Amino acid sequence: MKLSMPRYDQATVLVVGDVMLDRYWHGGTSRISPEAPVPVVKVEQIEDRPGGAANVALNIAALGASALLVGVTGRDEAAHSLTDSLHAAGVQAHFQRIDEQPTIVKLRVMSRHQQLLRMDFEEPFNTDAEALAAEVDGLLDGVKVLVLSDYGKGALKNHQALVQLARSKGIPVLADPKGKDFSIYRGASLITPNLSEFEAIVGHCADEAELVSRGAKLMLELELGALLVTRGEHGMTLLRPDHGPLHLPARAREVFDVTGAGDTVISTLAASLAAGEELPHAVALANLAAGIVVGKLGTAAISAPELRRAVQREQGSERGVVSLEQLLVVIEDARAHGEKIVFTNGCFDILHAGHVTYLEQARAEGDRLVLAVNDDASVSRLKGPGRPINAVDRRMAVLAGLGAVDWVVSFAEDTPENLLRAVKPDVLVKGGDYGIEGVVGADIVRAYGGEVRVLGLVENSSTTAIVEKIRNK
C-alpha cells in the first residue's frame, strides 16, 4: 500500500467526549521513606497535558487539521489549565462547566522515566445531554468528521442523538468505544475497540478467523460502516462489509509507554479521513502514528513532521533524489527534529575518490547533507563542449547512493544562489583552495546567520584530469 501525507490543513474534525487533565509530577528518588517501604520522590517539575477527548483533539491539531472539542469540566484550576493548553495548541474548546464537580485529573508520579504511582480524581458528570447535543449541532457546519471519544466518564449520555445529528448532515462518525454495550454506537461509520474491549462484547477469539467472523456479525447487528480492532503487538485488523479483512502489523520499534495510543489512532484516522483519504490508507497512517506514540513517555501528540518522516521511511523516500518542492518539505521536517542542514554543490560528472572524501567531510559539518547538482546545460556552459560525460539523472542516481548524502537536487542556473535562498541551509560547504569570500552564495548564507566552510580537496583527484587521461589513450 503506497502512502502519502494527507493535506491535513484542509481537514476539520469535531471531537465530543470525556475530557481530562493528565498531570505529571517528575522528580528524583534517592532514598526510601522512614514511614513506609516506599521511595521518596523530590518533585522538581509539574507538567499538565490534555487527556482523553482533549488529547484526541490535541493530536488532530498537531497534525495541522482544524480541531473543535466539546466536553464537560468543573469550574476549577484543572479546567483552566486544560483550556489554556488547548487554546495554545489551536483547539477550539467548548466546555459545559458544572459547579461543585471536579474536572477529571489523572495524577502520575514519575521518577527516572518510570511511573511510580497514579491517582485519579474524578466523579461521574451529571451532563446536560440536550444542551451538549445542541452545542454539537451548532458546530457541525464545515466539519468533515465527528469523533465520539468515550471514556465512560459521563460526558456522553445520548450517543444516538449525536450519531443521528452527524448522519443527517452526511458527516462520518468515528467512535472510540467503552463499556459492554456497543449498541449505543449503532450506525457509526467506524468504531475502534482494542482487542480486550472487542472480546468483552463478542467473546474470546481463538484466532484471526474467529475475530473476523465475530466482527462481521457485530457490524451487521449494529449497522456499522467499519470496525477497527487494535491488537497491541499484533497490530490492527480493519473489517468492512463486503471487503476482505485488512491486517496491519504493529509498527513500533520499541514500546515505552502505551498511554494515549488509542487517542492517537482515532485522531489520525479522523484527520486523515477528513482530509480525503480512503479508509485503508487512513488506517495505515494511524498504525504508523501509533508506532511513534508508544515510543514516547506519557500522553503525547504526534506532529505532522513526525508522521511525514514515518511515511517517508515506509516508502523508502526518506533520502535520495528530490525535487525542490520535496526538498523544502523534508528540510522542514528535519529542522522540526532539531537537525542541522549542510549544503554543497557541484557538477560531479565522473565520481572519484576525491568527491567521496569531500562529501563525507561535508556531511560531518551537520546532520543532513543537501547536494545540489548542475544540470547538463549548465555543466556544458561551465566546462565546455563534450561535457558532461554523464547525464544529470545518472549523476544524481550515483550520488544518492552515497552514505554521506541525504538529498540530491538539480539546478539549471550556473550558480546555486536561488536554491540557497529557498533552502537557507545552516552551513554552506565548498571544496577548494580559495577563501570564504570566494564561495558563491557565501554572502546569502551569512546574511541570515548561516555558516560558510571551505574544505580542502583531495590531491591528484580531478574529473577534468580523468577525462583528459581517457581521451589521450
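Keep in mind that this is a model prediction, so the values were computed, not measured.
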Q. Would you say N126 has more than 12 foreign heavy atoms packed within less than 6.0 Å of its CG?
A. no
Q | Heavy-atom neighbours of E413 CD exceed 12 at 6.0 Å | A | yes
Q) Can you name the nearest heavy-atom pair linking M20 to A54, along with the distance? A) O-CB, 4.4 Å
Q. Between V265 and L228, does a side chain to side chain contact (heavy atoms under 4.5 Å, CB included) hold up when you go through it step by step?
A. CA-CA 10 Å; V265 169; L228 178 67; 4.1 Å; yes
Q: Apply side chain to side chain contact (heavy atoms under 4.5 Å, CB included) to the pair R108 and D22, showing each step before the final yes or no.
A: CA-CA 8 Å; R108 298 171 176 89; D22 286 327; 3.0 Å; yes
Q: Check whether any side-chain heavy atom of V16 sits under 4.5 Å from a side-chain heavy atom of L156, and report yes or no.
A: yes
Q. If every non-hydrogen atom of L279 is compared with every non-hydrogen atom of R240, which pair is closest and at what distance?
A. CD2-CD, 3.8 Å
Q | Short side-chain to backbone donor-acceptor contact, D406 and L369, under 3.5 Å | A | yes
**Q.** Residue among L58, T83, L69 satisfying side-chain contact (heavy atoms from CB on, under 4.5 Å) with P50
**A.** L58
Q. Hey, does the side chain of E123 reach the backbone of P102 with a donor-acceptor pair shorter than 3.5 angstrom?
A. no
Q: Could you tell me whether a side-chain N or O of S81 sits under 3.5 Å from a main-chain N or O of E77, the two making a donor and an acceptor?
A: no
Q | Residue pair D426, R335: steps toward the side chain to side chain contact (heavy atoms under 4.5 Å, CB included) verdict | A | CA-CA 10 Å; D426 300 294; R335 288 199 166 111; 4.0 Å; yes
Q: Would you give the length of the straight line joining atom CD1 of I60 to atom CG of N55, rounded to the nearest 0.5 angstrom?
A: 10.0 Å
Q | Spacing of CG belonging to N194 relative to NZ belonging to K178, to within rounding of 0.5 Å | A | 7.0 Å
Q | S189 (side chain) donor-acceptor with L174 (main chain) under 3.5 angstrom | A | no
(Q) Name the residue from L359, V398, V392 that meets the side-chain contact (heavy atoms from CB on, under 4.5 Å) definition with F348. (A) L359
(Q) So which atom in E277 and which in P6 form the shortest heavy-atom distance, rounded to 0.1 Å? (A) CG-CG, 3.6 Å
Q: Enter the distance from L239:CG to L218:CG here, rounded to the nearest 0.5 Å.
A: 9.5 Å
Q) Can you tell me how far the CG atom of L195 sits from the CZ atom of R231, to the nearest 0.5 Å? A) 6.5 Å
Q. Does a donor on one side chain sit under 3.5 Å from an acceptor on the other, for D76 and T103?
A. yes
Q) With distance as the sole test, does Q160 use its side chain to make a donor-acceptor pair with the main-chain N or O of R186 at under 3.5 Å? A) yes
Q: Looking only at non-hydrogen atoms, find the nearest pair between I331 and V423 and report the distance.
A: CD1-CG1, 3.3 Å
(Q) Please check this pair: side chain of S85 against backbone of L82, looking for a donor-acceptor N/O pair closer than 3.5 Å. (A) no
Q) Less than 4.0 Å between a side-chain N and a carboxylate O, is that true for K340 and D367? A) no
**Q.** Derivation and outcome, side chain to side chain contact (heavy atoms under 4.5 Å, CB included), residues V41 and W25
**A.** CA-CA 9 Å; V41 178; W25 288 358; over 6 Å; no
Q | Side-chain ion pair, R118 and D120, N-O less than 4.0 Å | A | yes
Q.
Looking at A166, is its backbone amide N or carbonyl O close enough to the side chain of K169 to form a donor-acceptor pair, meaning the two atoms are under 3.5 Å apart?
A. no
Q: Quick one: closest heavy-atom pair of S149 and V56, and the distance?
A: OG-CG2, 3.7 Å
**Q.** Polar side-chain atom of Q96 near backbone of D128 as donor-acceptor pair, under 3.5 Å
**A.** yes
Q: Would you indicate whether the side-chain heavy atoms of P241 and L220 approach each other to under 4.5 Å?
A: no
Q: For the pair K430 (side chain) and N345 (backbone), establish whether a donor and an acceptor sit closer than 3.5 Å, ignoring hydrogens and angles.
A: yes
Q.
Checking Y8 against S66: is there a side-chain donor and acceptor pair closer than 3.5 Å?
A. no
**Q.** Value rounded to 0.5 Å, distance of CE in M396 from CG in L371
**A.** 8.5 Å
Q.
As an exercise, state the distance from CD of E208 to NE2 of H234, rounded to the nearest 0.5 Å.
A. 9.0 Å
Q.
Please give me the minimum heavy-atom distance between G187 and L224, naming the atom from each residue.
A. N-CD2, 4.4 Å
Q | E278 atom CD, neighbour heavy-atom count above 12 within 6.0 Å | A | no
(Q) Closer than 3.5 angstrom, by distance alone: can the side chain of N59 be matched with the main-chain N or O of T268 as a donor-acceptor pair? (A) no
Q) In terms of the angle between their ring planes, are F182 and Y185 parallel, tilted or perpendicular, with boundaries placed at 30° and 60°? A) perpendicular
